[in-house]
Amino acid sequence: MHDDMAVRTRRALLKNGLALTGALALTGAAGATERLTGRMLRPVSQPPLPSAPLTSPRAIRPELFRRALTALNQHGAAIPHRDKIAIADFTAPSAQPRFHIVDMVDGRSTSFLVAHGSGSDPAHSGYLKRFSNDFGSNASCEGAFVASDYYVGKHGRSQRLEGLDETNGNALGRGIVVHSAWYSNPDMLRTHGMLGRSQGCFAVGEHDLDQVFAQLGSGRMIYSAKV
């Protein structure tokens, strides 16, 4: 009789133990799900930087590319889309394609002609001599911009830019935008050996504007510098 009671007691303890273990497992699973959901729902203050190529694309100076990546990290919260960036290399003359749109996933880049401001090159040498953020300077400005909305203005289809640095904080007020212009077309190189000059805007060729708009889009960074 005592043996039967002992067996029943052991069975009861085993049953209760299994039930308790199952309850604990369910509680742990619920807790894990709740924690995972909480992490997923927390707002992300800065979009992640895509895996960038280890070296700069061939068309872009390595130091300029490094500076652009630094700017992208510094201003990450203000740049919603980080899969592509544009880099304006104003060390190069206007006769060279120096507006580079870089795919940050595969490292490929596409380059376009782009004009600089007349205030940056008063002698019209084809080389940018200085930057300025001042109103009325007609000069290009340096630093990081975020591409904003599209509109149709005095230069036709255009895209507003917001300056993110002290060196270009007046860009929106100055009307520094991306637009097309006849003086940025390739035939200017055949007749003059250089492009014409803008009033500080990133003026690309008339036949390049669609491709620039399609590749850059809004919410991406343009980095302008002379290295």
Side-chain angles (χ1 to χ4, degrees), residues 43-50 52 56 60-94 98-102 104 109 112 114-123 125-151 153-155 158-179 181 184 195 197-204 212-213 216-227:
V44 178
S45 60
Q46 178 173 316
L49 177 65
S56 65
I60 304 173
R61 304 170 201 277
E63 178 59 26
L64 177 61
F65 188 66
R66 283 193 290 269
R67 292 189 187 188
L69 291 182
T70 298
L72 184 62
N73 281 318
Q74 288 176 343
H75 300 293
I79 302 169
H81 305 300
R82 298 155 65 89
D83 56 329
K84 294 181 181 179
I85 61 173
I87 300 175
D89 181 1
F90 284 126
T91 302
S94 65
R98 54 183 182 172
F99 189 77
H100 312 290
I101 298 180
V102 184
M104 298 296 288
S109 63
F112 304 90
V114 67
H116 53 249
S118 59
S120 291
D121 180 14
S125 65
Y127 288 85
L128 182 144
K129 301 296 185 181
R130 70 183 186 94
F131 291 109
S132 178
N133 190 36
D134 295 339
F135 286 89
S137 68
N138 289 337
S140 300
C141 43
E142 64 181 325
F145 306 77
V146 60
S148 186
D149 60 314
Y150 300 98
Y151 69 100
K154 64 179 181 179
H155 300 295
S158 306
Q159 184 174 25
R160 292 185 177 90
L161 302 177
E162 298 178 21
L164 303 177
D165 294 309
E166 292 183 2
T167 53
N168 63 4
N170 293 329
L172 193 61
R174 288 179 59 199
I176 303 299
V177 302
V178 178
H179 66 79
S184 293
L195 301 184
R197 298 166 298 172
S198 69
Q199 293 179 311
C201 293
F202 297 90
V204 300
V212 169
F213 279 175
L216 181 61
S218 61
R220 294 184 174 91
M221 184 186 78
I222 296 176
Y223 184 71
S224 165
K226 181 177 181 179
V227 175

Look only at the side chain of Asp121 and the backbone of Gly126, and say whether a donor-acceptor pair between them is shorter than 3.5 Å. yes
Within a strict 4.5 Å, meaning less than it, do heavy atoms of the Val212 and Phe202 side chains meet? no
What pairs with Ser132 under side chain to side chain contact (heavy atoms under 4.5 Å, CB included), at least two apart in sequence or on another chain? Arg130, Asp134, Ser137, Ala139
My understanding is that only residues two or more places apart in sequence, or in another chain, count here; which of them pass ring pair (Phe, Tyr, Trp, His ring centres under 6.0 Å) with Tyr150? Phe213
Correct closest heavy-atom pair for His75 and Ala144 would be CD2-CB, 3.7 Å
Just how far is it from atom OG of Ser94 to atom OH of Tyr127, taken to the nearest 0.5 Å? 8.5 Å
Residue list, side chain to side chain contact (heavy atoms under 4.5 Å, CB included) with Pro122, at least two apart or on another chain: none
Report all side-chain donor-acceptor pairs from residues 217-227 shorter than 3.5 Å, counting only partners two or more places apart or in another chain.
residue, atom, partner, partner atom, Å
Arg220, NE, Asp83, OD1, 2.8
Arg220, NH1, Leu216, O, 2.8
Arg220, NH2, Asp83, OD1, 3.2
Arg220, NH2, Asp83, OD2, 3.1
Ser224, OG, Cys141, O, 3.1
Lys226, NZ, Leu128, O, 2.6

Quick one: are Arg61 and Thr91 in side-chain contact, heavy atoms under 4.5 Å? yes
Listed partners of Arg67 passing side-chain hydrogen bond (donor to acceptor under 3.5 Å, both in side chains), at least two apart: Glu63
Heavy-atom distance under 4.5 Å between the side chains of Ile60 and Val102, does that happen here? yes
If the condition is side chain to side chain contact (heavy atoms under 4.5 Å, CB included), which residues does Asn170 pass it with, not counting sequence neighbours? Asn133, Phe135, Arg174
Counting only N and O atoms by type, is there a donor-acceptor contact under 3.5 Å from the side chain of Ser120 to the main-chain atoms of Ser140? yes
Looking at Cys201 and Ile176, what are the two nearest heavy atoms and their distance? SG-CA, 4.0 Å
Report yes if the side chains of Ile79 and Ile85 come closer than 4.5 Å at any heavy-atom pair, otherwise no. no
Residues 159-171 vs salt bridge (Lys or Arg N to Asp or Glu O under 4.0 Å), sequence neighbours excluded, gives Asp149-Arg160
Could you tell me which residues satisfy side-chain hydrogen bond (donor to acceptor under 3.5 Å, both in side chains) with His179, sequence neighbours excluded, listed by chain and number? none
Where is the tightest heavy-atom contact between Ser148 and Gln159, given as atom of each residue plus distance? O-NE2, 3.1 Å
One should read off an interatomic distance between Met104 CE and Lys84 NZ, to the nearest 0.5 angstrom, of 12.5 Å
Search all heavy atoms of Ala203 against all heavy atoms of Ser184 and return the closest pair with its distance. O-OG, 2.8 Å
Exam field: side chain Thr167 to backbone Glu142, donor-acceptor pair closer than 3.5 Å: yes
Where is the tightest heavy-atom contact between Ile87 and Ala68, given as atom of each residue plus distance? CD1-CB, 3.7 Å
